[in-house]
Q: 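Before we start, here is the structure in question, set down as structure tokens.
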Amino acid sequence: QIQIWTAEEIALALEAAKSSRWQHMIYVALNTGMRIGELAGLRWSRVTLDSTREGEGGEILVDTAMISEGKSRRLHRPKTSHSTRTIGINQDTRQALLEQREMLKAEGVKSELVFPTRIGTLLDETKIWATMQRIIRRANPRLRAWEADRLKALRAAGVPRATAVELIAEELETTEGLRESLTDVKTISFHDLRHTFASMMIAAGIDVVRLSRILGHELRGRQPLILY
């Protein structure tokens with residue numbers, strides 16, 4: 001099921017992501033629609049951070065992606081010609097990439113990758129998923145406060161902590177509308193950032209053919225427009 005953030009949710013999530021090492025990766029994903037494997041495999045040699053056109057910030061050449069094979073990860077060429085593409089970036093995305101480069105320099109990380117681990121290697125997708133969930137949780141203070149109050153009440157009633165945590169989770173899942181009433185930013189996957197980008201572009205009136213090229217989709221009729 002496709003999940004898409006609203007503009008308000010994006011703003012809250014990006015604010016919550018400011019303390020994360022992966023904040024710039026999330027920002028670039030939201031502004032380019034790139035897949036997580038494409039971002040993980042992105043190299044600085046494929047990034048241009050200047051432009052002769054006013055208002056534009058450069059471009060990204062997508063011609064490599066990270067693939068996982070068990071516990072190992074490696075770079076691989078895209079499987080289809082549609083996935084190889086050049087994406088123009090705006091000034092804000094350019095700034096995010098410049099900040100990413102400065103962050104890596106401050107950390108002493110030497111890598112050709114734009115979004116490497118602290119030791120300069122390919123990232124682990126499962127850790128990005130965990131990071132996304134921490135950011136989303138940070139962006140939902142009302143939900144965290146409610147959970148804390150419920151835990152305190154249950155513990156005061158003599159309920160063991162592990163049992164109390166399970167009861168709180170069950171209550172959130174089974175009480176209709178409860179989670180939604182406490183949530184400012186809904187839980188989505190990293191791949192849903194790509195869907196969010198596509199939705200924003202369609203809302204902005206971008207041509208479906210152009211959007212399909214940016215996303216690296218093969219255009220078949222009006223399929224992408226129907227999907228989003």
Q: Between S72 and E69 (side chain of the first, backbone of the second, donor and acceptor by atom type, cut-off under 3.5 Å), is there such a pair?
A: yes
Q: Which heavy-atom pair separates D63 from T84 by the least distance, and what is that distance?
A: CB-CG2, 4.1 Å
Q: Mind running side chain to side chain contact (heavy atoms under 4.5 Å, CB included) on R35 and R194 for me, showing each step along the way?
A: CA-CA 7 Å; R35 302 174 177 93; R194 177 173 165 86; 3.0 Å; yes
Q: Whether the E99 and Q95 side chains hold a donor-acceptor pair (N or O, under 3.5 Å, no angle test) is what I'd like checked.
A: yes
Q: Taking C-beta and beyond as the side chain, do L172 and L143 meet within less than 4.5 Å on heavy atoms?
A: yes
Q: Quick one: CE on M200 to OG1 on T6, what's the gap to the nearest 0.5 Å?
A: 10.5 Å
Q: Which heavy-atom pair separates D184 from R142 by the least distance, and what is that distance?
A: OD1-NH2, 3.0 Å
Q: So, does Q100 use its side chain to make a donor-acceptor pair with the main chain of M25 at under 3.5 Å?
A: no
Q: Start with the C-alpha distance between R77 and S83, add both sets of side-chain angles, then the distance that settles side chain to side chain donor-acceptor pair (under 3.5 Å), and finish with yes or no.
A: CA-CA 9 Å; R77 301 282 293 182; S83 294; over 6 Å; no
Q: Identify whether the distance between the nearest side-chain nitrogen and carboxylate oxygen of E147 and R137 falls below 4.0 Å.
A: yes
Q: Any side-chain heavy-atom pair from L151 and L154 closer than 4.5 angstrom?
A: no
Q: Just by modelled atom types, is the W22 backbone N or O under 3.5 Å from a matching donor or acceptor in the S20 side chain?
A: yes
Q: Name the one of L30, V28, I36, I10 that satisfies side chain to side chain contact (heavy atoms under 4.5 Å, CB included) with L193?
A: L30
Q: Ignoring hydrogens and geometry beyond distance, is a side-chain donor-acceptor pair present between S111 and R43 at under 3.5 Å?
A: no
Q: Please tell me whether L39 and L61 are part of a single hydrophobic cluster in this structure, the criterion being side-chain heavy atoms less than 4.5 Å apart.
A: no
Q: Please determine whether a side-chain nitrogen of the Lys or Arg among E107 and R21 lies less than 4.0 Å from a carboxylate oxygen of the Asp or Glu.
A: yes
Q: Where do I214 and R85 come nearest, in terms of heavy atoms and distance?
A: O-NE, 2.5 Å
Q: Does the side chain to side chain contact (heavy atoms under 4.5 Å, CB included) test come out yes or no for M34 and F197, once each step is laid out?
A: CA-CA 9 Å; M34 291 173 66; F197 167 79; over 6 Å; no
Q: Measure across L122 and A40 and return the closest heavy-atom pair with its distance rounded to 0.1 Å.
A: CD2-O, 3.6 Å
Q: Counting N and O atoms only, with roles assigned by atom type, does the side chain of T174 sit under 3.5 Å from a partner on the main chain of E170, one being a donor and the other an acceptor?
A: yes
Q: Could you tell me whether a side-chain N or O of T131 sits under 3.5 Å from a main-chain N or O of K127, the two making a donor and an acceptor?
A: yes
Q: For residues A17 and I135, report the shortest heavy-atom separation together with the two atoms involved.
A: CB-CD1, 3.8 Å
Q: Can you tell whether the side chains of R179 and E171 come within less than 4.0 Å, N to carboxylate O?
A: no
Q: When you measure from the side chain of R73 to the backbone N and O of L123, does any donor-acceptor pair fall under 3.5 Å?
A: yes
Q: Hey, is the main chain of H217 close enough, under 3.5 Å, to the side chain of S212 for a donor-acceptor pair?
A: no
Q: May I ask you to test the S19-R138 pair for a side-chain heavy-atom distance under 4.5 Å?
A: yes
Q: Please check this pair: side chain of K186 against backbone of I4, looking for a donor-acceptor N/O pair closer than 3.5 Å.
A: yes
Q: Kindly say whether I188 contributes a backbone atom to a donor-acceptor pair with the side chain of Q3 at under 3.5 angstrom?
A: no
Q: Taking V185 as the starting point, is it possible to reach W129 by hopping between hydrophobic residues whose side chains are less than 4.5 Å apart?
A: no
Q: With a cut-off of 6.0 Å (strictly less than), are more than 12 heavy atoms of other residues, nucleotides or ligands near CZ of R210?
A: no
Q: Minimum heavy-atom separation for L215 and G33, please, with both atom names.
A: CD2-O, 3.9 Å
Q: T175 side chain to L178 main-chain N or O, any donor-acceptor pair under 3.5 Å?
A: no
